[in-house]
Amino acid sequence: MALVQIDNVSKIYQTGEMQVKALQDVTLSIDEASFVTFVGPSGSGKTTMLNLIGCLDKPTKGKVFVDKKQVDAFDRGQRAAFRGSVLGFIFQAFNLFPVLTTYENVEYPLVMIKNESASERNEMVSKVLESVGMLNQKDKFPDQLSGGQKQRVAVARALVTQPKLVLADEPTANLDKKSAVNVIRLMRSMRDEFRTTFIFSTHDPGVMEEAEVVHTLEDGRLVRKK
Ligand code: ADP
Ligand code: MG
C-alpha cells in the first residue's frame, strides 16, 4: 500500500444554509519517499487536502489511509498521537517561537514528544541543523534571521522527530522567489537524505516545477497529474 491513499474522498463544509464542496470524490495515492505538490487556485481545496492527510480534519465521505492506518476513523487522541509520531508540519508563516533560539526551536518537538536525554537531543538537533545549513546560526533568535533562514529552521524542526511524512501548506508564500526555490530544493535534498516523504501546496509556478509529482485541484476536484 502507498504511504498515502485517498479513496473517493469528499469534504463538505456546512456553514448555516451554505454548503461548500471543498473536495469532491478525490482518489489518489502518494508513494513513500516521493516529493509531491498540490497546486490550484485559491479555494481549490489544497489546504483541505493537506488537513485530511495531516489528521487535522475528517472527510465527509471516503477513506484516508496514511502509513497503512485508516486515519479518518481515528478519535481525537489517536489523531494527536499519530501526528506526533508519524508526521511533521511546516507552516506558511514559519511559526517559530520568537523567544527561543534556532537550536531551542528545533529541540522543542523532542522535548514535547520524545523521551530522549539532553545529550541524545543535542545529537539529533545538531545533525538536522547541520543538514539544513543552519548549525552556525543556532544561537540566533528568529527575528535575527531572514525569511528563508527561518523556513530552514522550520524544515529542521519538522524533521527532528524523524517523521515518515512532512506536510507543508504554502511553505514559500512568505518568501521571495529565490528563497522560495531554495527552500523547496532544501526539502527535496532532505527527502534524498532521510527518505522522508514531502507533500506541499503552492500556487507559484516556479515552485511547482521543483516537485516530482504535481496534483492539480480545481473546485475540489483532481484535474491532472504530472
Ligand atoms: P485552498 O487551500 O486551495 O485555498 P481550501 O482548502 O482552504 O482551499 O478551501 C476550499 C474551499 O472550502 C473554499 O471554498 C473555502 O472557502 C472552503 N472552506 C475551507 N475551510 C472551511 C471551513 N472551515 N468552513 C467553511 N468553508 C471552508
Ligand atoms: Mg490554502
Side-chain angles (χ1 to χ4, degrees), residues 3-30 34-66 71-76 79-80 82-83 87-96 147-148 150-151 154-155 157-158 163 165-177 179-181 183-184 187-188 197-226:
L3 182 66
V4 176
Q5 180 70 46
I6 307 280
D7 285 343
N8 300 105
V9 161
S10 297
K11 177 71 186 184
I12 297 166
Y13 290 109
Q14 184 89 43
T15 45
E17 300 283 276
M18 277 271 292
Q19 263 202 357
V20 179
K21 291 178 178 163
L23 290 175
Q24 300 190 61
D25 199 26
V26 175
T27 294
L28 61 88
S29 63
I30 291 172
S34 56
F35 196 69
V36 179
T37 190
F38 284 96
V39 305
S42 180
S44 59
K46 303 183 295 297
T47 296
T48 303
M49 177 60 80
L50 291 183
N51 286 349
L52 294 180
I53 299 169
C55 302
L56 296 164
D57 207 351
K58 288 185 177 206
T60 311
K61 263 198 273 176
K63 292 178 184 171
V64 179
F65 296 90
V66 181
V71 299
D72 62 273
F74 280 173
D75 65 26
R76 235 180 113 78
R79 287 209 298 271
F82 189 79
R83 282 199 299 270
L87 306 178
F89 293 88
I90 297 167
F91 304 95
Q92 177 176 331
F94 319 127
N95 295 19
L96 301 178
K150 279 187 250 200
Q151 206 57 313
V155 170
R157 178 184 54 186
L165 171 62
V166 170
L167 296 162
D169 194 6
E170 309 240 14
T172 63
N174 290 346
L175 299 176
D176 62 79
K177 264 201 160 60
S179 310
V181 169
V183 163
I184 297 298
M187 285 168 34
R188 208 172 57 203
T197 308
F198 280 82
I199 306 176
F200 63 98
S201 68
T202 185
H203 51 247
D204 180 342
V207 163
M208 66 184 81
E209 252 172 38
E210 301 289 328
E212 291 169 351
V213 181
V214 179
H215 292 295
T216 303
L217 290 166
E218 261 174 42
D219 291 331
R221 290 185 187 281
L222 194 62
V223 292
R224 270 195 301 285
K225 185 180 169 208
K226 182 174 92 178

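Order of appearance sets the numbers: ligands from 1, and atoms from 1 within every ligand. A quick note: this is a predicted structure, and the numbers were derived from the prediction, not measured.
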#### Entry: Which residue and heavy atom of the protein sit nearest atom 7 (O) of ligand 1, plus the separation
Thr47 CB, 3.6 Å
### Message
Closer than 3.5 angstrom, by distance alone: can the side chain of Thr60 be matched with the main-chain N or O of Ile12 as a donor-acceptor pair?
### Response
yes
### Query
Which residue holds the protein heavy atom closest to atom 27 (C) of ligand 1, what is that atom called, and what is the gap in Å?
Tyr13 CD1, 3.2 Å
#### Entry: Structural part of Ser201 in contact with ligand 1, heavy atom criterion under 4.0 angstrom
neither
### Message
Taking a cutoff of less than 4.0 Å between a non-hydrogen atom of the residue and any ligand atom, is Pro41 in contact with ligand 1?
### Response
yes
### Query
Does ligand 1 have a heavy atom under 4.0 Å from the side chain of Thr15, from its backbone, from both, or from neither?
side chain
### Message
Donor-acceptor pair, distance only, cut-off 3.5 Å: does the side chain of Lys11 make one with the backbone of Gly220?
### Response
no
### Task
Using a cut-off of 6.0 Å, state whether more than 12 heavy atoms not belonging to Asp219 lie near its atom CG.
no
### Message
Can you confirm whether some protein heavy atom lies under 4.0 Å from atom 16 (O) of ligand 1, or whether none does?
### Response
no
### Query
Side-chain contact, heavy-atom cut-off 4.5 Å: Gln92 with Asn174?
yes
### Summary
Closest non-hydrogen atoms of Lys46 and Thr202, given as atom of the first, atom of the second and distance, are CD-O, 4.0 Å
### Query
Can you find an N or O of Gly45 that's nearer than 3.5 Å to an N or O of ligand 1?
yes
#### Entry: Heavy-atom donor-acceptor pair, Thr216 side chain to Gly40 backbone, under 3.5 Å
no
### Query
Side chain of Glu170, backbone of Thr172: donor and acceptor closer than 3.5 Å?
no
### Task
Pick whichever of Leu23, Ile12, Thr48 has a heavy atom sitting closest to atom 9 (O) of ligand 1.
Thr48
#### Entry: For Val20, the ligand 1 atoms whose distance to one of its heavy atoms is below 4.0 Å
11 (C), 12 (O), 14 (O), 17 (C)
### Query
Can you find a pair of side-chain heavy atoms, one from Leu23 and one from Pro59, that are under 4.5 Å apart?
no
### Message
the Mg ion (ligand 2) and Ser42: any N/O/S contact shorter than 2.8 Å?
### Response
no
### Task
For the residue pair Phe200 and Phe35, categorise the inter-ring angle as parallel (less than 30°), tilted (30 to 60°) or perpendicular (more than 60°).
tilted
### Query
In the protein, what heavy atom is nearest to atom 12 (O) of ligand 1, and what distance, to one decimal place, separates them?
Ala22 CB, 3.4 Å
### Query
Quick one: does Gly43 get an N or O within less than 3.5 Å of an N or O on ligand 1?
yes
### Query
Is it true that Gly40 lies under 4.0 Å from ligand 1, counting heavy atoms only?
no
